[in-house]
Amino acid sequence: MTKIQARLDAVRQRIESACRQAHRAPASVLLLAISKTVSAPSIRDAYFAGQRSFGENYVQEGVEKITELADLNLDWHFTGPLQSNKTRQVAARFGWVHAVDRLKIARRLADARAPDLPDLNVCIQVNLSGESTKSGVSAGEVAALALAVRALPRLRLRGLTTIPEPTDDPALVRGRFAQLRRLLETLNTDGLGLDTLSMGMSSDLEAAILEGATIVRVGTAIFGSRTAADRAMQ
Ligand SMILES: *Cc1c(COP(=O)(O)O)cnc(C)c1O
């Protein structure tokens, strides 16, 4: 077993044990392997250990790996912040976009999505901490954006994404996840029928699962730590 395969097993066990604690079925949580800065052979390695869903943060890098790994049946999610001049490539090559935070981006994705492809799954990113450097709409802006995105063709609005602020306080992190869950519940009370909470990473996936995460985005715990140069790019 390779190192990546062993780490993948360990992450799966963490997910299972959090699901047990939350009285949830393990199949209700999708493990999205965040493969930004990770080489195509390492992704192939994870594939041979049963991993199918991968998340990329940089358009160019992601498209190159998607092309290189086209012989595998993989699900590709775009998890990074998206600039409007990159929407065409993302709409052509990915199945999901996790960080829609303005209508302009959603419109461009809808315009670019080919009608013969399945609808593009999208989540709205919510910036709950109010950090000015981070993308995402505020909690108060979510409902209006959700309604507008939902009205667009060729997109399927699935739910919400968040990344809590960096902190050593696990209660704060869990509180953010709870906030996102309540926001989703409110939207669903208004009839939006959303089924996705994309939240939780290597360090906090358990808290996210306890608060209802349906997609956890895990990089380091599967592929090892990224280099300092890579981190600077994020
Ligand atoms: C890098 C990244 C992750 C994974 O973070 P880890 O701490 O390495 O698990 C998850 N989500 C997004 C949006 C990221 O950019």
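Whatever order the structure lists ligands and atoms in, that order sets their numbers, starting from 1. As the structure is a computational prediction, the values presented were derived from the model and not from experiment.
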**Between Ser198 and Arg217: side-chain donor-acceptor atoms closer than 3.5 Å** =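 There is such a pair between these side chains.
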**Asked** Among side-chain atoms of Arg93 and Thr67, is any donor-acceptor pair under 3.5 angstrom?
**Response**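 Short answer, yes.
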Show me which atoms of ligand 1 lie under 4.0 Å from any heavy atom of [X].
{"X": "Arg217", "answer": "4 (C), 9 (O), 10 (C), 11 (N), 12 (C), 13 (C)"}
{"X": "Thr79", "answer": "13 (C)"}
{"X": "Lys36", "answer": "1 (C), 2 (C), 3 (C), 14 (C), 15 (O)"}
{"X": "Ile163", "answer": "13 (C)"}
{"X": "Asn57", "answer": "14 (C), 15 (O)"}
{"X": "Val218", "answer": "9 (O)"}
{"X": "Gly219", "answer": "4 (C), 6 (P), 8 (O), 9 (O)"}
{"X": "Thr220", "answer": "6 (P), 7 (O), 8 (O), 9 (O)"}

**Request:** Kindly assign one of parallel, tilted or perpendicular to the pair Phe54 and Phe223, based on the angle between their ring planes and the thresholds 30° and 60°.
**Result:**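 If you compare the ring of Phe54 with that of Phe223, the planes turn out tilted.
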**Request:** Look at the side chain of Arg154 and the backbone N and O of Arg113, then say whether any donor-acceptor pair between them is shorter than 3.5 Å.
**Result:**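 Side chain of Arg154 to backbone of Arg113, a donor-acceptor pair under 3.5 Å: yes, one is there.
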**Request:** Just grab all the ring-ring contact (aromatic ring centres under 6.0 Å, His included) pairs involving residues 13-50, residues at least two apart or on different chains.
**Result:**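 Sorted result for residues 13-50: empty, none.
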**Item:** Residue pairs passing the ring-ring contact (aromatic ring centres under 6.0 Å, His included) test where at least one lies in residues 97-133, sequence neighbours excluded
**Value:**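 Matches after skipping sequence neighbours: His77-His98, Trp96-His98.
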**Asked** Going by heavy atoms, is Arg226 under 4.0 Å from ligand 1?
**Response**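 Under 4.0 Å: yes for Arg226.
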**Asked** When you check the gap from the basic side-chain N to the acidic O, do Arg108 and Asp111 get nearer than 4.0 Å?
**Response**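 No, no charged N to carboxylate O under 4.0 Å.
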